[in-house]
Amino acid sequence: MMTIEDFVAGMPKAENHIHQDGATSPQSALVLAQKHQMSLPFRTPEEADSLFRYQNLGEFIRIIDSVNAVIQTEDDIVYLLIELGRDAARQNIRYREIMLANDFHERMGLSLDGQMRGFVRGKEAAKALFGVEFACIPEIDRTMDPKKSAEYPERLAPWREKANIVAIGLESAEAGFPAHLHRQAFQNARAMGYPITSHAGEACGAESIWDSLESIGSTRIDHGVRAVEDPALMEYLAKHRILLTVCPHSNLSLQVFPDMEHHSIVQLMQAGIPVSINSDDPPFFRADLNKNYVDVVRTFRLDKKQLLAIAENAFVYSYAPQNVIASAVRELHVYFETHDYTL
Ligand code: ADE
Ligand code: ZN
């Protein structure tokens with residue numbers, strides 16, 4: 001018998017929802033700030049720990065952006081992706097779908113080509129050093145000019161294969177910036193054959209999820225945890241097998257739910273909706289992927305069958321090639337047949 005901590009740590013994992021800029025640790029940010037002679041809103045990791053508390057999504061975005069302003073060059077992206085690879089190996093995460101905030105980095109003065117060259121170099125280094133596979137999900141920022149967002153799919157075309165771009169996403173401030181503002185961007189992305197995944201149902205409710213499904217053609221929803229407010233939506237998500245990439249500690253940090261007991265993940269599972277567990281922006285929410293799993297399993301006393309379903313969804317509903325998915329799922333089943341945990 002293992003502790004749930006050891007069981008989760010040893011389990012082969014995929015992650016569907018983690019932001020490249022959301023993975024900057026306070027230590028890494030301090031390294032980059034020193035390198036570029038820039039200041040940060042904290043001077044030590046301890047100060048960062050007390051700064052990283054938020055009332056809502058808007059406050060979080062202000063803080064994360066003030067930290068990630070230190071990402072200035074292609075080499076900075078390489079450095080942070082290697083850290084992400086090291087962290088993936090530590091947690092036995094085999095495959096990570098990494099969201100890239102293209103518009104944010106451009107606003108900070110890092111060109112799209114510089115970002116993408118950095119992503120490619122970092123991805124290849126993470127594979128060579130740690131054996132970890134990365135995929136890239138460029139994100140449209142809800143607050144950006146729709147004329148500019150419409151151009152992203154084409155601007156990213158030269159990087160599609162080398163960066164392993166598997167989908168186009170939508171992120172940032174949900175309230176006041178509906179998905180349909182960016183209809184053209186996603187129509188262009190779908191015409192190029194990209195699947196669409198969209199942050200929704202986090203700061204806003206069911207109508208925002210419906211908008212992501214109906215106006216931009218999302219086939220995966222990032223968060224989506226407020227779907228429980230609309231039974232017809234729950235039925236739709238289950239029927240159409242729409243994966244929700246749930247980020248439990250992110251939701252607690254951003255006050256979507258008051259505590260883990262009130263999180264909707266089990267209600268979503270019971271409605272037959274596929275869910276996976278993800279870390280979103282781990283240092284900013286002070287919880288890595290393992291902690292997100294452990295705290296859900298412990299809070300809801302999930303049995304092995306329930307945990308296996310979640311861990312399997314992260315592979316099955318990923319954008320990885322079918323042969324990669326099939327062998328990872330086989331390995332996951334062997335792990336569950338040969339290991340046990342107690343709560
Ligand atoms: N960007 C980084 N994390 C995010 C989140 N949780 N919601 C929306 N945009 C984000
Ligand atoms: Zn996110």
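We count residues from 1, following the sequence as given. Just so you know, ligand 1 is whichever comes first in the structure, and atom 1 is the first atom listed for that ligand. The figures that follow rest on heavy atoms only: side chains count, while hydrogens, waters and symmetry mates do not.
- Of the charged side-chain nitrogens involved, at least one lies within less than 4.0 Å of a carboxylate oxygen, so that Glu5 and Arg298 count as a salt-bridged pair.
- Note on the Zn ion (ligand 2): protein N, O or S atoms under 2.8 Å away count 4, no waters included.
- A salt bridge between Arg121 and Glu74 is present, with a side-chain N of the basic residue lying under 4.0 Å from a carboxylate O of the acidic one.
- Within 6.0 Å of NZ on Lys148 lie more than 12 heavy atoms contributed by other residues, nucleotides or ligands.
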Next on the checklist: Assess the residue pair Asn102 and Glu106 against the criterion (side-chain hydrogen bond (donor to acceptor under 3.5 Å, both in side chains)); give the C-alpha distance rounded to whole Å, side-chain angles, the decisive distance to 0.1 Å, and a yes or no.
Outcome noted: CA-CA 6 Å; Asn102 298 123; Glu106 283 199 297; over 6 Å; no
Tabulated below should be the N or O atoms of ligand 1 paired with protein N or O atoms at under 3.5 Å; can you produce that?
from     : atom 1 : to     : atom 2 : distance (Å)
ligand 1 : 3 (N)  : His19  : NE2    : 3.4
ligand 1 : 3 (N)  : Asp281 : OD2    : 2.8
ligand 1 : 6 (N)  : Glu202 : OE2    : 2.8
ligand 1 : 6 (N)  : His223 : NE2    : 3.2
ligand 1 : 6 (N)  : Asp280 : OD2    : 2.8
ligand 1 : 7 (N)  : Glu202 : OE1    : 2.8
ligand 1 : 7 (N)  : Glu202 : OE2    : 3.3
ligand 1 : 9 (N)  : Ser172 : N      : 3.0

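- Salt bridge Glu151/Arg155: absent, no basic N to carboxylate O contact under 4.0 Å.
- The number of heavy-atom neighbours closer than 6.0 Å to CD of Gln27, taken from other residues, nucleotides and ligands shown, is above 12.
- In summary, the aromatic rings of Phe186 and His182 are positioned with their centroids too far apart to meet the 6.0 Å limit.
- Qualifying side chain to side chain donor-acceptor pair (under 3.5 Å) partners for Asn278, counting only residues two or more places apart in sequence or in other chains: Ser276.
- Here Ile137 sits in one hydrophobic cluster together with Tyr95, Met99, Val166, Tyr319; the rule is ILVMFWY side chains under 4.5 Å apart, joined directly or through other members.
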